[in-house]
Amino acid sequence: MELSMALEEIFTFSLLAASLLLIFYLVTKSLKNPLRKIPGPPGLPLLGHILSLNPTKIHNQFYEMARKYGAIMKVKIFTKTIVVLNSKEACLEALSKTGTDFQGRPSLKRNQIVLPPNVAFSNFSDKQVMLRRLFTKAMKAYGPGVVHLEKILQETIQCLVDDIDQKEGQAIDSAELSIGYVCCVLASMMFGEKYSYDDELCHRMNRVNSQVIKTTDPFSNGVVFDVIPFLYDFKFLFKKERKKIESAKETFSNFIKTRIEEAKKSFDVNQMRGCLDYLIELQKQENDVDGQPLLDEVGLQGMMANFLIGGLETSRRSLAQMFLDLLHDPTLQKTLQAEIDSQYEPTETITLKDKVKLPRMEAYMLEQMRFLTQVPFMIPHMAVRDAEVAGYKIPAGTVVLMNSYHVAHNPDVFDEPFEVKPERLLDENGKLVDRDHPLRENFLGFGAGRRQCPGESFAKSRIFLFLANILQKYHVEVDGELPDRDVRKYPMSILLTPPSVKVRFTRRQ
Ligand code: HEM
């Protein structure tokens with residue numbers, strides 16, 4: 001009896017001592033953690049801020065916090081600390097001034113499974129830099145100013161105009177129209193053929209892309225695998241989510257592999273059709289020091305993934321926002337049309353090189369991108385080594401978000417930041433203000449530095465020609481209810497999504 005009591009005491013004492021040691025270890029570790037000094041809202045032990053963050057409104061929540069905590073802040077998702085940079089200066093310091101310190105990307109389990117290794121979601125490495133160089137080369141081969149891209153865009157716009165003419169008087173859903181146009185241009189650019197709006201390939205591209213986006217949405221249930229990656233190894237857990245991930249992976253992989261196989265079969269170096277042909281040729285030409293192709297088969301698939309996801313998701317939202325603006329502000333529509341009419345005959349083709357002739361149009365495009373800031377926190381960055389930003393030490397491996405949404409709506413810089421006011425970007429002579437004007441510098445919607453969006457010029461060209469051609473030819477009117485145009489009310493799901501609207505087009509005389 002006495003012996004068992006003594007044992008019990010020893011056991012209790014050991015347990016107490018072990019608990020005290022653990023607490024001591026955790027407290028010392030947390031005291032030593034430099035992230036401790038960064039300001040941020042108080043969170044719950046172990047859970048952090050997970051219960052107070054609302055995924056679909058997180059842009060507003062981070063905005064409010066940014067107003068309170070300043071240039072840098074932190075939030076906690078369970079025990080993981082995420083640093084958020086809120087000022088233009090802090091973002092640019094991390095993106096451009098600290099070399100490669102913050103050019104990493106955290107690994108996201110679902111992305112890793114569904115997509116082949118690719119430029120956008122890979123951590124910073126020599127290989128990522130090399131893949132990015134090849135991606136940019138392929139973009140440039142068909143980029144703005146290149147006759148080929150202009151031809152593709154003009155043909156697709158003609159197709160769009162024919163389609164609208166056929167439906168004259170009928171209401172058209174702005175989201176469908178935008179997706180149709182964006183898919184057609186992207187398919188033509190990638191595969192080099194001319195596609196029409198009802199082409200099955202364009203529809204498939206859209207479906208494949210939507211499935212991937214839904215499956216990897218950071219705010220869907222499957223996020224559990226991103227937060228605790230090893231759970232994916234327990235096959236009996238979260239079966240429904242796992243099924244969705246596997247299915248998206250298969251659909252995506254089949255689509256991309258089939259396109260690559262078909263392109264390789266009919267490849268002719270003397271007749272390059274699109275970016276995919278260009279990449280196939282690069283695959284043959286560019287070798288590493290050991291004579292192996294720099295771009296292997298998986299690398300090529302990753303490139304196609306970047307074209308598809310980067311190219312589809314973003315531009316369609318810009319177009320949806322444009323329709324809302326034109327409908328909410330008939331004066332904007334009239335002034336943009338007056339500018340076009342002053343430079344072009346009604347039947348004259350508007351080309352990319354003439355962009356300078358339409359400063360008001362360009363000012364509007366930049367202003368609506370600022371207003372929307374559809375990728376509000378960019379793609380998450382990660383410190384690749386112990387580093388420093390905004391005067392705080394950041395340990396290697398810390399996830400860092402760039403709050404470009406706050407930068408673009410900072411009331412200290414923008415008067416009425418939640419209004420669309422293109423005139424703020426025009427000088428007294430009606431010219432677009434320079435790139436280094438504070439109002440333009442505070443738009444970081446495409447990122448900056450070594451991981452800046454390589455699709456920026458292409459995206460802008462595509463949007464410019466769409467808008468200019470639509471306004472040259474049509475009056476745009478709403479059919480039915482006009483949803484609010486307030487980015488604070490848009491839901492956040494990977495990107496900020498403006499509501500779609502039914503639009504009626506009437507030919508201008
Ligand atoms: C309005 C259109 C677009 C917007 C607003 C946009 C915005 C962005 C942003 C904010 C980033 C992240 C920058 C960072 O994390 O530092 C990014 C990265 C990227 N974008 Fe875009 N993008 C657009 C169109 C495109 C297009 C058309 C393509 C390709 C066809 C594209 C391909 C990429 C790629 C590959 C990356 C990853 C770059 C890297 O990690 O090195 N984007 N984009």
Side-chain angles (χ1 to χ4, degrees), residues 85 91-92 94-96 98 100 102-106 108 111 115-125 127-144 149 152-153 178 181-183 185-190 205 209 274-276 279 299 302-322 365-366 368-382 399-405 407-408 443-464 466-467 494-498:
L85 301 181
C91 289
L92 287 179
L95 294 173
S96 317
T98 45
T100 58
F102 293 99
Q103 305 304 337
R105 298 271 193 228
L108 301 168
N111 258 318
L115 299 176
N118 61 81
V119 175
F121 298 108
S122 295
N123 199 2
F124 188 75
S125 66
K127 179 139 194 205
Q128 193 276 339
V129 172
M130 177 277 291
L131 285 178
R132 193 186 148 101
R133 183 174 61 78
L134 297 185
F135 185 87
T136 314
K137 236 176 164 180
M139 291 272 349
K140 278 205 183 124
Y142 287 86
L149 177 76
I152 289 174
L153 288 168
S178 311
Y181 169 71
V182 168
C183 281
V185 175
L186 197 69
S188 305
M189 187 180 172
M190 282 161 86
M205 257 169 77
N209 178 59
C275 285
L276 179 53
L279 287 165
M303 295 275 181
M304 299 313 282
N306 286 142
F307 270 109
L308 207 62
I309 293 172
L312 283 191
E313 275 312 306
T314 45
S315 304
R316 58 186 261 202
R317 286 175 165 80
S318 293
L319 299 182
Q321 177 61 41
M322 270 174 192
M365 276 181 42
L366 293 175
Q368 75 89 24
M369 284 183 185
R370 175 201 69 80
F371 172 81
L372 178 58
T373 323
Q374 55 181 301
V375 201
F377 312 118
M378 301 190 191
I379 301 174
H381 282 246
M382 189 181 76
V399 175
V400 182
L401 301 182
M402 312 292 157
N403 192 351
S404 59
Y405 180 80
V407 175
F443 172 63
L444 299 175
F446 290 94
R450 300 181 75 147
R451 301 214 72 155
Q452 181 168 357
C453 175
E456 177 173 348
S457 307
F458 168 60
K460 283 182 174 166
S461 309
R462 192 163 55 163
I463 295 168
F464 170 80
F466 178 90
L467 182 66
I494 296 197
L495 304 175
L496 282 171
T497 310

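When a ligand or atom number is given, it counts from 1 through the structure's own listing order.
- Taking a cut-off of under 4.0 Å to the non-hydrogen atoms of S318, the atoms of ligand 1 that pass are 1 (C).
- For atom 29 (C) of ligand 1, the candidate residues are F446, F102, F135, F124; the nearest heavy-atom contact is made by F135.
- The protein heavy-atom contact nearest to atom 8 (C) of ligand 1 is C453 CB, 3.6 Å.
- Near A459, the atoms of ligand 1 lying under 4.0 angstrom from a non-hydrogen atom of the residue are 2 (C), 24 (C).
- Protein heavy atom closest to atom 13 (C) of ligand 1, with residue, atom name and distance, is R451 O, 3.3 Å.
- Remark: the backbone N or O of F377 is not paired with any side-chain donor or acceptor of N403 at under 3.5 angstrom.
- Atom CE of M139 is separated from atom CE of M303 by 11.5 Å, given to the nearest 0.5 angstrom.
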Run L401 and M378 through side-chain contact (heavy atoms from CB on, under 4.5 Å) and show every step you take.
CA-CA 7 Å; L401 301 182; M378 301 190 191; over 6 Å; no
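- Heavy-atom distances between Q128 and ligand 1 reach below 4.0 Å in at least one pair.
- Here the side chain of T373 pairs no donor or acceptor atom with the backbone of P376 at under 3.5 angstrom.
- Atom 9 (C) of ligand 1 has G445 O, 4.0 Å as its closest protein atom, hydrogens excluded (heavy atom only).
- Summarising the geometry, atom CG belonging to L95 is positioned 5.0 Å from atom NE2 belonging to H381; distances are rounded to the nearest 0.5 Å.
- With R105 contributing its side chain and I379 its backbone, the two residues share a donor-acceptor pair below 3.5 Å.
- Residue-to-ligand polar distances place I379 within reach of ligand 1: an N/O pair is separated by less than 3.5 Å.
- Residue nearest to atom 1 (C) of ligand 1, selected from Q374, R105, M365: Q374 (by heavy-atom distance).
- Annotation: the span from S122 atom OG to N111 atom CG amounts to 10.0 Å, rounded to 0.5 Å.
- For atom 2 (C) of ligand 1, the nearest non-hydrogen atom from the set I463, T314, T373, V182 comes from T314.
- Under a 3.5 Å cut-off, the side chain of R132 and the backbone N or O of V119 do not form any donor-acceptor pair.
- Distances from ligand 1 to the non-hydrogen atoms of H381 include at least one value under 4.0 Å.
- For the pair Q452 and ligand 1, the shortest N or O to N or O distance does not fall below 3.5 Å.
- If you check each of P454, G447, A138, A120 against atom 33 (C) of ligand 1, the one with the closest non-hydrogen atom is P454.
- The CZ atom of R462 sits 6.5 Å away from the OG1 atom of T314 when rounded to the nearest 0.5 Å.
- Residue S315 places no N or O, backbone or side chain, under 3.5 Å from any N or O of ligand 1.
- At least one N or O atom of R132 sits closer than 3.5 Å to an N or O atom of ligand 1.
- Contact annotation for F458 and ligand 1: only side-chain heavy atoms (C-beta onward) come within less than 4.0 Å of the ligand.
- Atom CG in N306 sits 9.0 Å away from atom CG in L131 (nearest 0.5 Å).
- Here atom 25 (C) of ligand 1 lies nearest to G310 when heavy atoms of G449, G310, A94, P376 are compared.
- Judged by distance alone, with hydrogens and angles left aside, the side-chain atoms of Q321 form no donor-acceptor pair with the main-chain N or O of P498 at under 3.5 Å.
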